[in-house]
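Keep in mind that this is a model prediction, so the values were computed, not measured. As the structure lists them, so they are numbered: ligands from 1, and atoms in each ligand from 1.
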Amino acid sequence: MKKTKKIVIKVGSNTISNADGFVNEQFIESLCKDAVMLMEEGNDVIIVSSGAKIAGISAINKWSRKADMHYKQALCAIGQVRLLASYEKSFSKYDYTIAQVLLTRDDFFADNRVLNIRNTLFTLVDEGVVPIINENDTVCVEELKIGDNDTLAAYTAMLWNADTLIILSDIDGLFDKNPKEHSDATLVEVVDNVEAINIEVGDTNEFGTGGIKTKLDAAKICSDYDIEMILANGKVDNVIQKIYHDEIKYTKFLP
Ligand code: ADP
């Protein structure tokens, strides 16, 4: 990863939340510190962050039980502001500016939009701003959604011609079977052909959306576009620095 220049970091819902369902501010601080380290070393960074709904629930807890889609979308609208405020607070300590980019599925498949988004992302990064991307849950109807941020991150990596996508989850990487159910599951450190992978894809966690399946789908998109993908444990302190200095184990999907 040391030669990498353009890095997309995706943060999952389970990584960004505490056990009690609140946004983990300490994690955001540590992530921002790691991202700054990467940028100071000459890399460009884009972050794809989940967590709007969780931040919304902690703001307006009385809505959390309402299954109505409008409440869910309203929670995301409330939470997105809070989430980005946390990123802003952390990045501003290092004098970095952030930008919010909210995308939907169509944005990646309509030629005129793709070009616009690409240009905006390139402009932001060229100017030293850190784009923080999320799905635009408030305007998305279910059928038009990408639906999970692993895929959104892979599309972003594709659109921006990234070299590496780092997906941070609550697990050390890809295991030969679901480690939450099998204590003898072993970590797969290198995947050289993601199309040939045939393993059990268990459920997601409480706040997770895609589980390991969408991470494998993201790896397939990356592989098609010659992008390396890393799946690592965001619960490890300063995980990105540790990946960078080869101090922890994780899964690397070769392009
Ligand atoms: P996130 O919110 O980070 O995207 P998810 O809950 O959606 O997290 O997905 C990660 C979870 O996928 C892991 O915590 C684990 O329980 C589950 N999982 C199922 N099968 C596997 C596997 N073979 N290897 C790794 N994780 C797996």
Side-chain angles (χ1 to χ4, degrees), residues 8-24 26-28 30-31 34 46-58 72 75-76 79-80 83 86-87 103 132-135 137 145-157 165-222 229-237 239-240 242-243 248-253:
V8 176
I9 303 170
K10 182 261 172 176
V11 184
S13 315
N14 288 306
T15 309
I16 212 148
S17 59
N18 286 321
D20 55 7
F22 287 90
V23 169
N24 184 345
Q26 246 175 316
F27 168 78
I28 293 184
S30 139
L31 173 70
D34 282 6
I46 289 181
I47 294 175
V48 175
S49 181
S50 308
K53 190 162 159 228
I54 292 159
I57 290 172
S58 48
K72 286 190 196 156
L75 279 175
C76 291
Q80 181 68 23
L83 185 66
S86 299
Y87 277 106
L103 300 175
I132 302 189
I133 297 179
N134 199 359
E135 183 148 32
D137 283 312
K145 265 183 150 181
I146 295 172
D148 72 274
N149 275 359
D150 297 320
T151 309
L152 174 65
Y155 285 161
T156 303
L165 166 61
I166 302 175
I167 293 191
L168 298 180
S169 187
D170 66 339
I171 202 91
D172 290 346
L174 175 72
F175 285 77
D176 60 349
K177 43 194 158 183
N178 187 355
K180 300 270 169 72
E181 283 163 23
H182 304 275
S183 54
D184 62 337
T186 52
L187 182 72
V188 183
E189 288 186 51
V190 178
V191 175
D192 53 14
N193 180 7
V194 64
E195 296 291 347
I197 284 279
N198 181 19
I199 53 175
E200 182 191 331
V201 290
D203 291 338
T204 68
N205 295 301
E206 192 178 359
F207 301 112
T209 40
I212 205 70
K213 183 186 176 301
T214 51
K215 288 162 189 65
L216 291 173
D217 291 344
K220 285 177 193 160
I221 297 169
C222 286
M229 191 182 108
I230 286 171
L231 176 59
N233 195 338
K235 301 275 179 193
V236 172
D237 285 341
V239 59
I240 307 254
K242 288 184 178 137
I243 296 170
I248 53 160
K249 286 194 190 305
Y250 53 85
T251 302
K252 183 186 278 188
F253 297 84

Q: In sequence, state the C-alpha distance, the side-chain angles, and the governing distance for Lys235 and Asp170, and then conclude on salt bridge (charged side-chain N to carboxylate O under 4.0 Å, His left out).
A: CA-CA 6 Å; Lys235 301 275 179 193; Asp170 66 339; over 6 Å; no
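The shortest separation from a heavy atom of Gly173 to ligand 1 is under 4.0 Å, placing the residue in contact. Within the structure, the closest approach of Glu181 to ligand 1 does not fall below 4.0 Å when heavy atoms are considered.
Ion pair Asp148/Lys10 not flagged as a salt bridge, since none of the NZ, NE, NH1 or NH2 atoms sits closer than 4.0 Å to an Asp/Glu carboxylate oxygen.
Under a 4.0 Å criterion applied to the non-hydrogen atoms of Ser13, ligand 1 contributes the atoms 2 (O). For ligand 1, the atoms lying closer than 4.0 Å to a non-hydrogen atom of Asp170 are 10 (C), 13 (C), 14 (O). Against a heavy-atom cut-off of under 4.0 Å, Asn14 is close to the following atoms of ligand 1: 1 (P), 2 (O), 5 (P), 6 (O), 8 (O). Those atoms of ligand 1 that come under 4.0 Å of a heavy atom in Gly12, given as number and element, are 2 (O), 3 (O).
Only side-chain heavy atoms of Lys10 come within less than 4.0 Å of ligand 1; its backbone N, CA, C and O stay farther off. Here Ile199 has side-chain heavy atoms under 4.0 Å from ligand 1, and that is the only part of it that gets that close. Of all the heavy atoms of Lys177, the ones lying under 4.0 Å from any atom of ligand 1 belong exclusively to the backbone. Contacts of Ala185 with ligand 1, taken as heavy-atom pairs under 4.0 Å, are absent altogether.
Side chains of Asn149 and Asn134: a donor-acceptor N/O pair is present below 3.5 angstrom, by distance only.
Considering both main-chain and side-chain atoms, Gly211 comes within under 3.5 Å of ligand 1 through a nitrogen or oxygen pair. Where the criterion is an N or O separation shorter than 3.5 Å, residue side chain and backbone included, Lys180 meets it with respect to ligand 1. Among the atoms of Ser169, some N or O lies under 3.5 angstrom from an N or O of ligand 1. Between Pro179 and ligand 1, no N or O atom pair is found at a separation short of 3.5 Å.
With hydrogens and angles disregarded, a donor-acceptor distance shorter than 3.5 Å links the side chain of Ser50 to the backbone of Val11. Although no hydrogens or angles enter the test, the distance criterion places no donor-acceptor pair under 3.5 Å between the side chain of Ser30 and the main chain of Gln26. Formation of a donor-acceptor pair under 3.5 Å by the Ser58 side chain with backbone atoms of Phe22 is not found in this model.
Scored by the side chain to side chain contact (heavy atoms under 4.5 Å, CB included) test, Lys72 finds Lys53 as partners (sequence neighbours excluded). With sequence neighbours excluded, the residues that form a side chain to side chain contact (heavy atoms under 4.5 Å, CB included) with Ser86 are Glu25, Ile28.
A 4.5 Å side-chain heavy-atom check between Ile221 and Met229 finds every atom pair outside the cut-off.
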